[in-house]
Q: 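Before I ask anything, here is the structure I am working with.
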There are 2 protein chains.
Amino acid sequence: MESSSAASGGSTRREATRQKLYEAAVTLIAEQGFSATTVDEIAERAGVAKGTVYYNFASKSVLFEELLRHGVGLLTASLREAAERTARDGGGKVDALDAMIRAGLVFIDRYPAFTQLYVAELWRTNRAWQSTLMVVRQEAVAVVEGVLREGVDNGEFSDEIDVPLTAAALVGMVLVAALDWKSFQPERSLDDVHAALSRLLQGRVSGSR
Amino acid sequence: MESSSAASGGSTRREATRQKLYEAAVTLIAEQGFSATTVDEIAERAGVAKGTVYYNFASKSVLFEELLRHGVGLLTASLREAAERTARDGGGKVDALDAMIRAGLVFIDRYPAFTQLYVAELWRTNRAWQSTLMVVRQEAVAVVEGVLREGVDNGEFSDEIDVPLTAAALVGMVLVAALDWKSFQPERSLDDVHAALSRLLQGRVSGSR
DNA sequence: ATATTTGAACTGACTGGTCAGTGCAAAAAC
DNA sequence: GTTTTTGCACTGACCAGTCAGTTCAAATAT
């Protein structure tokens, strides 16, 4: 009966095949897009029969939607954890932002395919899972907005900043820089990329030397 | 006899239908993605028979590739123009960057569908038009890189900045902020969005008041 | 002027193939 | 003995690309 035996989502056999299907689907869809990816391909890459896909998920779209929720859950948890860790260590909001940039980079480093797929689908309209995406997007951006707002409240950030827009711009900065890193100069280190973005964030761009 | 009467590429009938097909394809593909968009749909929206699509373009993919080239051509021209204008007016490289941000926003404001589609396809791998995308991406980013490099050379920017990465991050910042603006708070003015991004660029985020 | 020809541009029915989703009996796992 | 997975044949919808035929404006002939 749906088990969920101990804590959350771990150890049933069913959960294991679902995981395999997520992993197969995420890379294929990132490479080719949702419509160009066939259920047969997903099943094959997961090493599973086609029937199993439909035993575990109601449809191709549902598989994809649950995949999205799954991935964004991981991301937001990681961002939140980074922000809280700096707070515990007595860092300011700038440090929190910086830690979140790093957490974002680490996430993209580990799950590049998911990130790719997320970006590709985020601004589409007229799609079945549009509402899922909206929810899931807001979850992630809200974490950044929260830190910005707290920073404005305690005087660390200018009260003239536009919180939602700045949050979106920051997310975009990290997202695009990281995807470029992975796609076009994958030999660079994470620290390197992080340093460049930190500099940009802290306005240490103008001024020579 | 082949006409092309006066100068180049403007007023033939063929050019007009191609334009109609571009316009139809760009919105449909932005909404649904390339694979989910059918040639019949494109033809119908353009008010043209399906055969006409194939009379004008070798295939669905070729139509898409030419559409990409067409759009990115407009964007780079606009960015270059903005940079040159500030140079003529005696502005520094920071002004050039700021003008390019505005030019980017104006472009996205005018062609949101194209931008959407460009972002969605840019980081895909294993696709037929992969090489076209690489070329076309480099064209756009190169304009920003050029300004950054000139700024480093003449001492306006720190020589510690990482030119390609910073360029990518800036492009990402504008892209994502603008798409968010169009998708989630379309009532805001361009000036408003521009001001927020300017502030972020110039590091006027930290420090209250 | 008027008739005729030419050919680029366009049309839309048709074809061959692909793919999401189904159904089910037998095997394996737990 | 119940849940999950397998393997595979099948269906019906959908879709990229083709092609024989039509349209019409401009060129040429009369």
Side-chain angles (χ1 to χ4, degrees), chain A residues 1-6 9-26 28-29 31-68 121 126-129, chain B residues 1-6 8-29 31-68 121 126-129:
Chain A
M1 250 127 230
E2 233 303 303
S3 82
S4 91
S5 48
S11 53
T12 55
R13 182 146 82 112
R14 209 156 175 211
E15 210 48 51
T17 36
R18 286 170 98 108
Q19 188 63 36
K20 278 196 292 183
L21 284 169
Y22 283 155
E23 277 161 27
V26 78
L28 285 168
I29 297 179
E31 279 167 12
Q32 308 176 324
F34 175 81
S35 306
T37 301
T38 69
V39 175
D40 289 281
E41 276 178 313
I42 296 173
E44 193 194 337
R45 165 116 27 141
V48 139
K50 188 180 185 177
T52 306
V53 176
Y54 285 94
Y55 183 78
N56 283 281
F57 298 95
S59 69
K60 187 185 169 189
S61 309
V62 168
L63 163 56
F64 183 58
E65 279 183 62
E66 300 200 5
L67 171 59
L68 279 175
E121 295 294 336
N126 284 356
R127 302 223 87 171
W129 51 81
Chain B
M1 246 132 234
E2 230 298 305
S3 83
S4 92
S5 45
S8 66
S11 53
T12 55
R13 179 143 86 112
R14 204 150 178 214
E15 209 48 50
T17 31
R18 285 172 98 107
Q19 188 63 36
K20 278 195 294 183
L21 284 168
Y22 283 154
E23 276 161 27
V26 79
T27 52
L28 285 167
I29 297 179
E31 280 166 12
Q32 308 177 322
F34 175 81
S35 306
T37 301
T38 68
V39 175
D40 289 280
E41 278 178 312
I42 296 174
E44 193 193 339
R45 166 120 20 145
V48 138
K50 187 179 190 175
T52 305
V53 176
Y54 286 93
Y55 182 77
N56 283 281
F57 299 96
S59 69
K60 189 185 169 189
S61 309
V62 168
L63 162 56
F64 183 58
E65 280 182 62
E66 300 200 3
L67 172 59
L68 279 175
E121 296 294 337
N126 285 355
R127 303 222 86 171
W129 53 80

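Chain identifiers are assigned alphabetically (A, B, ...) following the order of the sequence lines, protein sequences preceding nucleic acid strands; residue numbering begins at 1 within each chain.
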Q: Who pairs with Gln19(A) by side-chain hydrogen bond (donor to acceptor under 3.5 Å, both in side chains), at least two apart in sequence or on another chain?
A: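 Scan of Gln19(A) (side-chain hydrogen bond (donor to acceptor under 3.5 Å, both in side chains), adjacent residues dropped) gives Glu23(A).
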
Q: Return no unless some side-chain N or O of Arg14(B) is found under 4.0 Å from OP1 or OP2 of dA9(C).
A: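 Answer is yes, contact under 4.0 Å.
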
Q: Donor-acceptor check, side chain of Glu15(A) to backbone of Thr12(A), threshold 3.5 angstrom: yes or no?
A: no

Q: Measure the OH-OG1 distance between Tyr22(B) and Thr27(B) for me, rounded to the nearest 0.5 Å.
A: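 One finds 14.5 Å between OH of Tyr22(B) and OG1 of Thr27(B).
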
Q: Going by side-chain hydrogen bond (donor to acceptor under 3.5 Å, both in side chains), name the residues that satisfy it together with Thr37(A), two or more places apart in sequence or in a different chain.
A: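 Thr37(A): side-chain hydrogen bond (donor to acceptor under 3.5 Å, both in side chains) contacts with Gln32(A).
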
Q: Sort and list the pairs that fulfil ring-ring contact (aromatic ring centres under 6.0 Å, His included) and have at least one residue in residues 32-55 of chain B, not counting sequence neighbours.
A: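 Every ring-ring contact (aromatic ring centres under 6.0 Å, His included) pair that includes a residue of residues 32-55 of chain B, provided the two are not neighbours, is Phe34(B)-Phe64(B), Phe34(B)-Trp129(B).
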
Q: For Lys60(A), give me all partners under side-chain hydrogen bond (donor to acceptor under 3.5 Å, both in side chains), at least two apart in sequence or on another chain.
A: none

Q: Name all residues meeting the side-chain hydrogen bond (donor to acceptor under 3.5 Å, both in side chains) criterion together with Ser35(A); count only those two or more places apart in sequence or in a different chain, and write none if there are none.
A: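 Counting only residues at least two positions away or on another chain, Ser35(A) forms a side-chain hydrogen bond (donor to acceptor under 3.5 Å, both in side chains) with Arg127(A).
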
Q: Rounded to whole angstrom units, what separation is found between the CZ atom of Phe34(A) and the P atom of dA20(C)?
A: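 Distance, rounded to whole Å: 8 Å.
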
Q: Within residues 55-66 of chain B, find the residues that approach DNA chain C with a heavy atom at under 4.0 Å, and present them sorted by residue number.
A: Tyr55(B), Asn56(B)

Q: Sequence neighbours excluded, which residues qualify as salt bridge (charged side-chain N to carboxylate O under 4.0 Å, His left out) partners of Glu66(A)?
A: Arg18(A)

Q: Taking side chain to side chain contact (heavy atoms under 4.5 Å, CB included) as the test, write out the residues that go with Ala24(A), two or more places apart.
A: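 By the side chain to side chain contact (heavy atoms under 4.5 Å, CB included) rule, Ala24(A) matches Ile42(A), Arg45(A), Ala46(A).
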
Q: To the nearest 0.5 Å, how far apart are OG1 in Thr17(A) and CG in Asn56(A)?
A: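 One finds 4.5 Å between OG1 of Thr17(A) and CG of Asn56(A).
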
Q: Over the length of the helix from dA1(C)-dT30(D) to dC30(C)-dG1(D), how much do the five-pair end axes diverge, rounded to 10 degrees?
A: 20°

Q: What are the residues of residues 36-51 of chain A, sorted by number, that bring a heavy atom to within less than 4.0 Å of DNA chain C?
A: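 Thr37(A), Thr38(A), Val39(A), Lys50(A) - these, ordered by number, are the residues of the stretch whose heavy atoms sit under 4.0 Å from the strand.
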
Q: In whole angstroms, how far is the P atom of dC30(C) from the CD atom of Glu15(A)?
A: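 From Glu15(A) CD to dC30(C) P: 15 Å.
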
Q: Please pick, from dT4(D), dG21(C), dG17(D), the nucleotide with the shortest atom-to-atom distance to any side-chain atom of Arg13(A).
A: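 It is dT4(D).
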
Q: To the nearest angstrom, how far is Tyr54(A) atom OH from dC8(D) atom C1'?
A: 15 Å

Q: Tell me, please, which residues at least two apart from Lys20(B) pass salt bridge (charged side-chain N to carboxylate O under 4.0 Å, His left out).
A: none

Q: Please confirm whether the shortest side-chain N or O distance from Thr52(A) to OP1 or OP2 of dT6(D) is below 4.0 Å.
A: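 It does, given that an N or O in the side chain of Thr52(A) lies less than 4.0 Å from OP1 or OP2 of dT6(D).
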
